[in-house]
Protein chains: 4
Amino acid sequence: MPKQKEQFEEMRLQTIQKLQKAGLKLFAQKGLAATNIKEIAKEAQVSLGLLYHYYSSKEELYLSLANEAMEKSRLLAEQMNQLEGSVGDKLSLFVEAFLNGVQKEDGIYYFIIISQLFETGNPEADRQLLDKKRQAIENLARLVEQGQKDGECVEGDPFQLAAALISATQGIASFRLMFGEGFGLPDKSILLRILTK
Amino acid sequence: MPKQKEQFEEMRLQTIQKLQKAGLKLFAQKGLAATNIKEIAKEAQVSLGLLYHYYSSKEELYLSLANEAMEKSRLLAEQMNQLEGSVGDKLSLFVEAFLNGVQKEDGIYYFIIISQLFETGNPEADRQLLDKKRQAIENLARLVEQGQKDGECVEGDPFQLAAALISATQGIASFRLMFGEGFGLPDKSILLRILTK
Amino acid sequence: MPKQKEQFEEMRLQTIQKLQKAGLKLFAQKGLAATNIKEIAKEAQVSLGLLYHYYSSKEELYLSLANEAMEKSRLLAEQMNQLEGSVGDKLSLFVEAFLNGVQKEDGIYYFIIISQLFETGNPEADRQLLDKKRQAIENLARLVEQGQKDGECVEGDPFQLAAALISATQGIASFRLMFGEGFGLPDKSILLRILTK
Amino acid sequence: MPKQKEQFEEMRLQTIQKLQKAGLKLFAQKGLAATNIKEIAKEAQVSLGLLYHYYSSKEELYLSLANEAMEKSRLLAEQMNQLEGSVGDKLSLFVEAFLNGVQKEDGIYYFIIISQLFETGNPEADRQLLDKKRQAIENLARLVEQGQKDGECVEGDPFQLAAALISATQGIASFRLMFGEGFGLPDKSILLRILTK
DNA sequence: CATGAATGAGGCTTCATTCAT
DNA sequence: TATGAATGAAGCCTCATTCAT
């Protein structure tokens, strides 16, 4: 590839990253409807017209971020499952990853985006995101089920247990965003205890 | 003869209730920004203009509902504290009330409204709501502290523990709204276990 | 007429007077478009429905007041012409009446209403009011013409001279309304000098 | 290549001028409240939304025009004072400038805007405009005072005299707008006579 | 005669999106 | 690629007017 094309490609990437970062922050803080595209362009230091070069609509930018968030979550689950070790070790990794993530600026925004519901008003898009959320819970539920067989997890409906943990993480991310660093994150043990003996 | 004052009062009350019910549902489902006033009026079977006889703006209706939600939460806390019995009994009442509430249409909407963050964009209003949320957690934290002294609650920072439980309830309410009744609520014991031995 | 009817008649008159007074004040202060009918009803301490018993629309109330104002102006002109005396005496009466009127609350409002232009947007109504204004100037102009023959008035186009005096009175009424009593009214001689030697 | 800054600046200026011209005409003819924004946009041959790129509200456009009108008036006063010559010469310039201005389309609109009172309903804005009006009268009053010392002006309270002249100009502008060119403007001498011997 | 709740058209304003350069 | 001016549909809100009692 000639030098020039690489440079353009570099610029493209930078612009996209700036837009993603700005969109992520604002969508997480205010939701899709309350965020306006001009504000995103301003935060990203990019002109309005350029934004529309990369995303055909506000909704598309939002969906790309929501899908990215779900993808990150899926990758974590995959990583967790590939880990050699007991169910307890895996859950521990999961909770740790959450607690680490929620302390980073972008990380918390991804968690918040995931927790948002019915933002687009587009039934198809909303349903797809919903499915991914359900799958994430189900993945964790399967792990819990395994943990119950191994005697590491508490008894009870695995889906309910998994949902309880994920609920707690979402609530915590939400409080963290609301209160800022003044909201001390709970110890790993507090969260782990929801699922393990 | 002028229409009797009582009649007018009766009419007013009915209209207000219809507006509250409609607003609660829609704000919970879609948030303040994504809900439009026409939709609320339609859902309430009331003309658009009439809404403005009772609320000076969409935001005011939202805030009145958010405050009502916080007030209901405060009342539950009060009731819980007045209960004669161990800390475990009190927490049990709390979780039960949550699980009952979240199964009712209005109940779940109130929980969702409470979990929404920075909806108004009005700094003063947002801050006031935030304060009430913090207080709710602190109230529960005090109870946990007592429970720790009595040997009923698990060890750990009381505020973090309280936040974990409330986080879980909010996440659950959120999932319930997303998935509908297909999302089975967790057993009381799963939630109680977050705080108690 | 039976007693009761008289009483009703009395009430009618009182209501109408309250409405006129309130309408006059508000229309003068803010103009037709910026004044709202609810405010008039409130100022008059009369219910909205009752206002519509007496006036079929906001415009009708405005026009009734504007016409009343023109009528008062016409009556003054008539009175002035019937006065036995020189043109100077007549003009003196005119200026005196103006300076007296503008010091009374209702009086100033009438002068202001007269000076408003194209308030209704209704071509027919606006034209009628305009005609009356032109007539008022022409009436005064005829007097000036007479004064010129008698050697009491300054030379120049009588219509222009009359317009200059009336212009001055309108501007003065306007300043008086703007500045309140802090705006000292000019001496009679200052105004008379516009027309007389 | 991005559109050159100069080009944008040029476009901005043109649009602003079109909006000012349209706003001036309509506000003068019908007042702030009775003029609607759609009409202004149409008259300016500009889209509705574009108006809001340049003015944050209808009121802001109005105020910018009102302030511009006052500024023009102030400039005339300044010019008048800098003139070498007697007080009579200065007043002559003033009256001439008025009579010239009132014959031009924009000129008359500026005079009318100045004469409008309490249009915005915004106490702060209204008060600021009022202050400027008072100052304009006071400036003229100082000149009259000088003229009295020089024996050129008639006796009497200088502020009252100045107010009488300005009142007359406002009333004349108002009649001219009402009646159109059918309303012959008074000779310069008629107006000058208000202040000078 | 009297009340004020109720209606909905119309006004002001915002903002996602387009487009000329 | 990059800019931001321009558009207009849609949202919030106001208010003249009607109407049941």
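In this text the structure is predicted, and so the values were computed from the model without any measurement. The sequence lines fix the lettering, A, B, ..., with proteins before strands; numbering per chain opens at 1.
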Contact nearer the 5' end of DNA chain E, comparing D/Leu32 with A/Glu59: D/Leu32
Atom pair distance, as rounded to whole Å: CD in B/Glu9 and P in F/dT21: 18 Å
Nucleotide F/dT1, atom C1' - distance to CE of A/Met11 in whole Å: 6 Å
Selected nucleotide, minimal atom distance to B/Phe8 side chain, candidates F/dA2, E/dA6, E/dG4: E/dG4
Between B/Asn67 and B/Lys132: side-chain donor-acceptor atoms closer than 3.5 Å: yes
Length of the OH-P vector between B/Tyr52 and E/dA5, whole Å: 18 Å
Nearest-nucleotide 5' precedence on DNA chain F, C/Ser56 against B/Ala33: B/Ala33
Atom-pair distance (CG on A/Leu51; C1' on E/dT17), nearest Å: 11 Å
For atom NZ of C/Lys38 and atom C1' of F/dC13, their distance in whole Å: 13 Å
Position toward the 5' end of DNA chain F (nearest nucleotide), B/Ile37 or C/Thr35: B/Ile37
Options F/dA2, E/dT7, F/dA6, nucleotide nearest the side-chain atoms of B/Leu50: E/dT7
Sugar-phosphate only, base, or nothing, as touched by D/Tyr55 at under 4.0 Å among non-hydrogen atoms: nothing
Base partner of E/dA20, which must satisfy Watson-Crick or wobble distances under 3.5 Å: F/dT3
N/O (side chain, D/Ser57) to phosphate O (OP1/OP2, E/dC12) under 4.0 Å: no
Watson-Crick or G-U counterpart of E/dT13, or none if no pair lies under 3.5 Å: F/dA10
Distance in angstrom units between B/Glu10 CD and E/dG4 P, rounded: 17 Å
Spacing of C/Leu48 atom CG relative to F/dA20 atom C1', expressed in whole Å: 15 Å
Distance-only donor-acceptor check, side chains C/Tyr62 and C/Gln116, under 3.5 Å: yes
Separation of E/dT7 P from B/Gln45 CD (nearest whole Å): 11 Å
Nearest-0.5 Å distance that lies between atom CZ in C/Phe27 and atom CD1 in C/Ile112: 15.0 Å
B/Lys18, NZ: over 12 other non-hydrogen atoms inside 6.0 angstrom: yes
Distance-only donor-acceptor check, side chains B/Tyr110 and B/Glu71, under 3.5 Å: no
Residue whose nearest DNA chain E nucleotide is more 5′ - C/Thr15 or D/Lys58: C/Thr15
Closest to side chain of A/Ser47, choosing from F/dC12, F/dA16, F/dT3: F/dT3
